[in-house]
Amino acid sequence: CQPTQLRARIDEETRVRVRMSASAHALPSAVRSPASRSSVASPSHRSVRSVARSVMASVPSDDVNAEVDKAAALLSWLAKVTNDPGIESRVALGETRYGRGLVALRNLVPNEVIFNVPWRLVLAEDHDEADASDLPWSALMAARLLEERHANGERTRWIESLPTLVSTPPLEYTDHELAACEDAKAIAEATSTRDAHLAAYETLKPRLDAVECTERDLRWATGALHSRCFTHGPRGTHLAVPGVDMCNHYFAGANAAVAVVTSPEDVQGVAATAEIADVGDGDTDGGTNGDEIFFQLRAGEDGVEQGDEVTISYGPWPNDPFFLYFGFVPEGNPNDAVVLFDEVGDVAACAARLDMMSIAEAGERAAAAAAAWDEEEKNGGGGAPTRMVITREGIDEGVMRAVAALGLDGTDAFNALLEGRCKELLREYPTKLKEDRGLLMSGTLSENEFTSQLYKMSKKEVLLGPLAAAAARQREAGGTIMQV
């Protein structure tokens, strides 16, 4: 039941990646134009909500104040344990347009090290434990986090600073709130992850009882790790990094990056970024005492201006992992995607429904294409395309390969198939986008329903892209615009 990890690039040279679990939504290579560099507008009507913001809105005010105090104390603790008092002159915790996050207290020069976190403070996945268990990585790490909290270990101050609640579909949404996304695959993955969590609790119950923890504690710790872990190395080792986990996501304008470095000469300057280390998976200190390897947050190539939020990019991925495991939906995500076809047989069946070929022809052509791709794969080729998607920026090249293999040559045939399939998928939704926007603005939705609604609306916008392009072509040609 454990979801497969999507590994999102933050900085090519670091080999450090944000963890995003969304096996049902892993993307093949897509044909895309360069991502837009336009600024993301400040969120209005909660259009972009960070996990931290939803936390602050969902707990009593006294708890909010206590949580803010603990989170604010994290940087003081980090400055102390890293022997770097300059941290508190560079950044502070503040309320930003994305919720709680790090804010620059002064201009940070390009590539300036904001802070280093010694490897001994990084909570890393234990591969020996994982290899000996069939439990999800997050449940195993969550149990260790709770045990460390109970033992008042070195990372306790960080653990206390974690949000009281991380509201994500698998762990916190009701069935009604989850159903509001109207996406069968997302609902199935959330349900599978929820079931895996409950099964993990039963297995881990003796360990949790020993530290006076309940299922609710395990759910809290699991949600916190889902939304905060990076992955690193060839095995995708999950890492929770105190301090760095305060950084919010910004697709187009991330102004900071993360790296793993070894033995920096100056933890406060540019020299600290000099050497990139390849820390071995399963070795939490990289073969050292844990003080020679650092997880580093540094300013980007343009630096960070005083007063700006320090942001990183979680990676060029669709909304699914953000929704399912981070608890928010990025506004205008250029990488959001919808699966058009799972395999070439689906492409052929769609062509038959659109009267582009007979049902018999569809079966014959799909079988011939599949046989040809099987032979191609035996000879070292890529094989048959699967899970073919459309994004805001373009069409999966697999769709083009499938269309050509089925003998549907030419731009007109391709466009007809693409537009027909988008219309089919849009008709599966019980409402139109205009109705969704009205409901979004009605003020009647819970926070979780609101997020599910944003997720659904983005998928519809992706599907409407080819239809808008077709309407524009028809206007240019002076033809009649077809209605969906």
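Numbering of residues begins at 1 and proceeds along the displayed sequence. As a basis for the values below, the full set of heavy atoms in this structure was taken, side chains included, without hydrogen atoms, waters or symmetry mates. Because the structure is a prediction, the values reported are computed rather than measured.
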Y455 ring center near F322 ring center (under 6.0 Å)
no

Are side-chain N/O atoms of H226 and S138 paired as donor and acceptor at under 3.5 Å?
yes

Establish, from distance only, whether the side-chain atoms of E177 and S452 form a donor-acceptor pair under 3.5 Å.
no

Which word best sums up how the rings of F295 and F230 line up, parallel for under 30°, tilted for 30 to 60°, or perpendicular for over 60°?
tilted

Determine, for R219 against E215, whether the closest basic-nitrogen to carboxylate-oxygen distance falls under 4.0 angstrom.
yes

Between the side chains of K460 and E182, is the shortest nitrogen-to-carboxylate-oxygen separation below 4.0 Å, so that they form an ion pair?
no

Is any side-chain heavy atom of K456 less than 4.5 Å from a side-chain heavy atom of D183?
no

Find out whether R144 and E129 are in side-chain contact, i.e. whether some heavy atom of one side chain is under 4.5 Å from a heavy atom of the other.
yes

D336 side chain to S458 side chain, donor-acceptor N/O pair below 3.5 angstrom:
yes

Under 3.5 Å, is there a donor-acceptor pair between the E189 and Y325 side chains?
yes

Test the R97-Y250 pair against the cation-pi criterion, namely NZ or CZ under 6.0 angstrom from the six-membered ring centroid and within 45° of the ring axis.
yes

Check this for me, if you would: do R207 and E202 make a salt bridge, where the nitrogen-to-carboxylate-oxygen distance has to be below 4.0 angstrom?
no

Quick check: does any side chain N or O of N248 sit under 3.5 Å from a backbone N or O of R100, one acting as donor and the other as acceptor?
yes

N255 side chain to G300 main-chain N or O, any donor-acceptor pair under 3.5 Å?
no

